[in-house]
Structures are given as C-alpha cells and as structure tokens.
Amino acid sequence: MLSSFLRRLATAIPSLIGVIIVTFLLTRVLPGDTAAYFAGPAATPEAIEEIRVKLGLDKSIPEQFVDYVGALVQGDLGSSLTTGQPVIQDIIDRLPASAELTLFGLFIAIAVAVPLGILAAVRQGSWIDHLCRIVATAGVSLPVFFTGLLLVYVFYYILGWAPAPLGRLDVFAFPPDPITGFLLIDCVLVGDWETLGSALAQLAVPSATLAIFALAPITRITRASMLSVLSSEFVRTARASGLSPFKVIVGYAFRNAMLPVITTLGMVFSFLLGANVLVEKVFAWPGIGSYAVEALIASDYAPVQGFVLAMAIMYVVLNLLIDLLYGVIDPRVRIEG
Amino acid sequence: MALLEIRDLSVRFGRFQAVSGVDMTVEAGEIVGVVGESGSGKSVTSLAVMGLIDAPGKVTAKSMAFDGRDLLALSAKARRRLLGRDIAMIFQEPMTSLNPSYTVGFQIEEVLAIHGLKDRRKRRERAVELLEMVGIPDAGRRLSSFPHQLSGGMNQRVMIAMSVALDPRLLIADEPTTALDVTIQAQILRLLVDLQRQKGMGLVFITHDLGVLAEIADRVIVMYAGEVVEMATTADLFARPAHPYTAALLNALPDRAVVEAKVTGWRGRLPAIPGVVPGPFDRPAGCLLQPRCAFADERCVAVHPDLLPGGNGAVRCHRPLMPDGQPGPDRMEVPA
Ligand SMILES: Nc1ncnc2c1ncn2[C@@H]1O[C@H](COP(=O)(O)OP(=O)(O)OP(=O)(O)O)[C@@H](O)[C@H]1O
Ligand SMILES: [Mg+2]
C-alpha cells in the first residue's frame with residue numbers, strides 16, 4: 001500500500017517539473033516591461049536599466065531560469081513588487097481564504113447535487129428528474145460572474161438578507177488569531193460563535209455562487225452513473241436476494257456509481273479554482289485569486305508565477321487523492337501485494 | 001397444491017407485449033425446463049415471478065401463487081421477504097451478477113443477515129459451509145476474495161451458494177451455464193441438480209439448449225415470442241414433439257443433426273430455424289410462428305391458436321404434429 005502510494009507520488013514529479021518550466025516561460029512572454037512599470041512613467045532609461053539589473057532581468061532566459069529554480073528549491077518564490085512581501089508569505093496568508101471559499105462551495109454543491117442526482121435516477125421521469133435537468137442546464141448556461149452579481153443584487157441589494165460583499169468579515173467583527181487560517185474552523189476552535197455567524201454570512205453568497213457553478217456537472221454525472229449502475233446485473237441480484245430498496249440504492253448502487261462522480265469532482269474542483277478568481281473579484285475576497293489578478297495587471301510576475309505554481313501543486317495533490325480514493329472504493333483498482 | 005402456480009401471466013413494456021398468457025406450474029422437488037430462442041420472454045417471465053419487473057413494465061395475471069399465497073396481493077415488503085429465502089434466482093452472467101465492490105463472503109453473509117441471521121460468527125460459519133457445499137476449495141480464505149479475483153465458474157458457484165443459502169423451496173436458474181465453457185458447464189449443471197435433489201427444491205431451469213433439458217428436466221415448457229407454445233413431460237416432448245417449433249428446435253440439436261447426416265449422408269450446415277423471433281413491431285396476425293413455419297396454411301395466417309391440452313401436455317397449434325412428424329388434421333375440424 002505504502003510503496004504503491006510512493007510510486008504514485010513519484011509519477012507526479014514530471015508534471016511538477018513541467019509546470020515549473022511552463023510558468024517560468026509564461027511570465028516571460030507576457031506583455032509589459034516589468035522594470036519600466038516599476039520605475040514609473042517619469043523614470044529615465046538609466047533608472048529602468050538599474051531596476052532591470054536588480055531584478056535579474058538583464059540576464060539571458062536560461063540564466064534567469066536557473067536563478068528561478070535555485071530560489072524555488074529554497075522556498076523562495078521571489079517578492080511581490082506591489083505588496084513588497086515575499087510571494088510565499090502572501091500566498092500562505094491568502095490561500096486559506098480561497099480554500100475556505102472553494103471547499104465550502106464544493107461542499108454545498110455536493111450536498112445538493114448528489115442526492116438530487118440519485119433521486120432523479122431512481123425516480124426517472126418524475127418532477128425531481130425534471131428539476132435535475134433544469135439545474136443541469138441552468139448551471140452550464142450561467143457564467144460565474146453573472147450569477148455572483150445576480151445573487152448580490154437579489155440578496156444584498158433587494159432583500160437585504162446578505163451582508164455587503166466586502167470580504168471575509170464585517171469591518172466591525174474581530175477575527176480570532178489565526179490558527180489554521182480557516183476562519184470558520186478558527187472561530188469554532190476558540191468558541192467565538194458571534195464571529196462564526198458573521199463569517200458564515202459573508203461566506204454564504206460567494207460560496208453559493210461557486211456551488212451553482214459546480215452543481216450542474218455533479219448532478220448530471222451522478223444521475224447518469226446511478227442510472228447505469230441501477231440497471232446492472234449485480235443490482236438485480238441484490239434485489240433478487242430480498243434487500244430493501246434503500247440498501248440497494250445507497251449500499252450497492254451508489255457505492256459503485258461513485259467512481260465517475262469522484263472523477264468529476266476532481267474536474268469540478270479545478271474549474272472552481274479558476275472560477276474563484278472571478279468570484280473573489282466580485283466579492284472583494286482576500287484570496288490568492290484576486291491577488292494574482294492584481295499582480296497580473298501590474299505586470300508583477302513573481303506572484304503570478306507563485307499563484308500558478310500553487311494551483312498546479314494543488315491540482316497534482318488533488319489527483320493523487322482521487323487516485324487513492326479510487327483504490328479505497330473499487331477493489332479492482334487496488335494494487336495487489 | 002403446486003409450489004408455484006401461474007395462470008395467464010402477461011408482461012408488457014409500453015405497447016410491446018413481451019409475455020402473454022403464460023401458464024406454468026412447478027411442483028416441489030420437480031425440475032421444469034423452459035426453452036426458447038433469444039427474446040422469447042423466458043427471463044421476463046422469471047423476473048415477473050420474482051417481482052423484479054420495473055415500471056414502465058406492467059405485470060398482470062389471473063393468478064400467481066407461491067405455496068398457495070397470491071404473490072400479486074402481497075405488499076412489496078412481504079414479497080421481498082420471500083425473495084432470497086423461499087424463492088431464489090441465479091442469473092446468466094456470473095462475472096457481472098456479483099457486486100464488484102464487496103467480497104463474496106460479504107455478499108453471502110448479507111443475504112443471511114437480511115433474512116434474520118443476526119449472529120456474525122454463525123453467518124461466517126454458514127458462509128464457509130455454503131462455499132464448501134458448492135465445491136469451492138479453501139472456502140475460508142475464498143470468502144475474502146472479490147468477484148474479479150475468481151473465475152466465471154467459481155463466481156457461478158458463489159451465486160449458487162448465495163441462492164441456496166436459506167434453503168429456498170423454489171430456485172429459478174436463468175441460463176446459469178450459458179456464459180461458461182463446456183467443461184465448467186457440466187460441473188455447474190451437476191452441482192445444481194445434486195443440490196435440487198438433496199434439498200427437494202422446485203427448480204425452474206431456463207436454457208437455449210434442449211439437450212441439457214433431456215438430461216435433467218421432468219417437464220419442459222417451450223416458449224416462443226412471449227407465449228407458451230408447448231408443454232409436455234420431457235420424454236413425450238422428445239419422442240413426439242407436437243408443435244412444429246419444438247420439432248424444429250429438436251432438429252437443430254447437434255447430435256440429431258449428426259445422426260441424420262449419418263443416415264442420409266447429408267453434409268450441409270446444421271439445420272437451423274430460418275427467420276427470427278418477431279419483435280415489438282413485426283408481430284404477425286394469427287399464429288406468431290406462421291412466417292417461419294413450413295406447414296402454415298390460411299387459417300394459421302388469420303387465426304391465433306389457443307394453448308389446448310393434447311397428449312400429456314398442451315400445444316398451441318391448429319394442426320399439431322402427428323407421431324410421424326407431419327401435421328395432423330385441423331383441430332377445429334376434428335369432432336370432439
Ligand atoms: N425492461 C424492458 N423494457 C422493454 N423491453 C424489454 C425489457 N426487458 C425485456 N424486454 C423485451 O422482452 C422480450 C423478451 O425478453 P427476455 O429477456 O425475456 O428474453 P429471453 O427469452 O430471456 O432471451 P435470452 O435467451 O436472450 O435471455 C425481448 O424482446 C426484450 O427486448
Ligand atoms: Mg434471458
């Protein structure tokens with residue numbers, strides 16, 4: 001088990017190397033002269049040149065790459081020219097905000113989509129099946145920023161149920177000292193229920209925006225996968241043995257329908273990482289998505305590189321997790337010995 | 001009282017009549033063979049007995065009684081309680097009929113558990129005992145195997161163990177050997193018949209292969225396009241088939257063909273029955289076999305024959321075959 005895990009881990013290394021190369025090259029071909037941008041509009045050519053040398057931008061591309069990798073190995077992602085902080089620090093500070101938002105959105109989506117998909121498959125052609133179809137169609141046809149703005153308009157502006165879309169916490173609330181960086185968890189850990197409520201209120205609309213985006217593919221695949229498993233022969237055997245419908249559906253059918261659902265979850269999660277960038281912008285969420293967008297606009301490439309790298313690592317880790325889950329769920333995938 | 005007594009069972013899927021007017025009785029301790037081409041409604045009939053036809057399929061019957069209890073009048077729950085305990089079923093594809101995510105031991109024990117064997121140790125002991133009974137070596141260790149780690153023959157043995165776990169009184173085996181290779185087929189057949197004798201079960205054995213039924217069945221029911229076309233004791237059916245379709249099936253048996261080839265010196269292909277079973281959209285009027293029947297006349301084209309008693313059984317034909325293999329006089333014209 002452990003050796004197969006390590007072997008699987010090793011297969012992730014080439015993809016990481018690829019990602020490092022691509023991120024490096026990507027930021028080099030982006031338009032805009034970083035040195036010129038930072039010297040300001042009134043700078044003399046000499047001043048720009050000075051900054052260029054300071055940033056190491058005067059060296060050849062291969063040399064720059066060696067510098068980059070050398071620093072990377074030491075955990076140095078460079079410094080952000082806008083915030084003046086080391087990128088790694090910025091990312092560590094901001095990642096929990098993004099992760100909390102994304103995971104919470106994904107969690108809501110799963111909690112709604114999976115039961116909906118199962119019911120739609122079990123009661124094929126019923127109103128719940130139609131609802132499922134509407135959700136699936138609506139989810140793919142609504143762009144994230146649009147749902148986000150719409151929800152803000154309805155729940156904040158018209159109904160006044162949601163707080164202003166201005167970040168993770170009300171300006172008057174005091175966040176607890178960060179322990180995990182996840183606001184919800186930290187509040188629970190220190191028992192600060194008031195702040196927890198306020199954080200949840202802030203989180204509700206942006207995570208609902210992400211959830212609506214994620215709902216469609218999860219519902220669709222759950223329904224399709226359940227339908228195919230429900231008509232399979234081992235389900236018939238289970239029913240012929242006198243198992244109750246609930247046991248057949250949840251214990252036998254869903255258990256086997258989970259593999260494609262998990263594959264889709266992985267995909268949806270990576271879509272969500274992308275959608276996050278927009279949602280963070282709409283809700284002024286202090287996550288790494290908005291951080292990267294601001295850096296990109298400023299031609300500040302170290303944070304962009306750091307962001308892409310962090311995303312890629314998350315993606316690789318996620319796929320690793322999914323592979324391991326496969327083995328747990330389906331004994332045929334498990335490597336013997 | 002018969003163990004299973006079905007009168008006028010019909011199953012339809014939308015406008016398609018998959019099974020119509022099937023009568024069937026099975027006595028305790030008896031092997032009833034059901035034979036017919038692909039699509040003749042053998043599986044649908046047995047699934048209807050099990051109560052496993054899902055909407056939009058519709059099951060109707062004048063009566064469908066197991067051990068005197070009307071199955072159609074039972075609640076879903078009461079009917080489920082019979083399944084696996086009193087009535088069990090074995091399916092055709094051993095590799096896909098077991099759940100790939102659970103060990104075979106778990107699946108056998110699950111059946112024991114839902115029918116009331118609560119003690120885990122006893123369940124395990126019984127599972128080992130069952131696997132030994134169906135001839136699986138090293139039964140204790142095999143319990144923790146997953147279906148994909150076993151061969152088709154082994155999986156079918158597991159299926160059999162699971163189905164007889166609670167000593168059912170009626171076992172329906174739907175082509176249990178079709179997916180297996182020939183040597184394994186014989187072993188599984190032997191095992192089933194031995195278990196049936198030992199436990200005095202009623203066994204409904206569904207197959208394409210009349211040759212198998214000659215060896216094991218007490219009575220044979222021949223189905224065609226969702227109808228029973230002939231039923232008779234095995235001996236009668238083989239000696240004097242009364243329905244042209246039965247006669248054609250018998251002629252298609254390899255050893256008969258071989259005998260014939262020896263006698264006549266004929267060296268062609270095996271005789272096959274030309275044409276196919278009518279599907280939902282090409283059911284002929286009159287007799288359903290008529291487009292494929294060598295003896296069909298105008299009345300066969302116009303009038304659907306009823307299943308009428310004849311000989312030691314019943315036959316659905318206007319002019320049942322005589323012992324010489326030629327059609328007899330039209331039944332309508334024979335004075336009673
Ligand atoms: N759920 C269903 N919906 C619609 N039609 C069905 C359904 N199940 C079976 N049928 C149809 O009913 C007819 C009888 O099928 P059945 O499976 O009973 O045949 P069979 O005699 O068991 O054939 P085989 O020897 O291939 O197993 C077929 O034409 C089949 O297409
Ligand atoms: Mg069948």
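The chains referred to below are lettered A, B, ... by the order of the sequence lines, with proteins before strands, and numbering in each begins at 1.
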Would you check if [X] and [Y] make a side-chain contact, meaning some heavy-atom pair closer than 4.5 Å?
X: B:Ile90; Y: B:Gln156; answer: yes
X: B:Met24; Y: B:Val34; answer: yes
X: B:Thr96; Y: A:Phe234; answer: no

Taking every heavy-atom pair that is under 4.5 Å apart, which of [options] has the most such pairs with chain A?
options: B:Arg79, B:Arg80, B:Gln107; result: B:Arg80
options: B:Ser97, B:Gly84, B:Ala76, B:Ala165; result: B:Ser97
options: B:Leu83, B:Asn99, B:Ile87; result: B:Asn99
options: B:Val111, B:Leu52, B:Leu82; result: B:Leu52

Need one label for [X]: side chain, backbone, both or neither, based on atoms under 4.5 Å from any heavy atom in chain A.
X: B:Leu47; result: side chain
X: B:Glu110; result: side chain
X: B:Ile114; result: side chain

Not counting sequence neighbours, which residues clear side chain to side chain donor-acceptor pair (under 3.5 Å) with B:Arg69? List them please. none
Can you list the residues that meet the side chain to side chain donor-acceptor pair (under 3.5 Å) rule with B:Ser101, with sequence neighbours excluded? A:Asn256
Tabulate below the donor-acceptor pairs under 3.5 Å that side-chain atoms of residues 246-254 of chain A make, not counting sequence neighbours, or state none.
none

Would A:Arg255 count as a cation-pi partner of B:Tyr102, with NZ or CZ less than 6.0 Å from the six-membered ring centre and within 45° of the ring normal? yes
B:Gln17 (side chain) donor-acceptor with B:Val19 (main chain) under 3.5 angstrom: yes
Where along residues 100-138 of chain A does a heavy atom come under 4.5 Å of chain B, listed by residue number? none
Qualifying residue for side-chain contact (heavy atoms from CB on, under 4.5 Å) with B:Leu192, from B:Thr177, B:Ile31, B:Leu171, B:Val164: B:Leu171
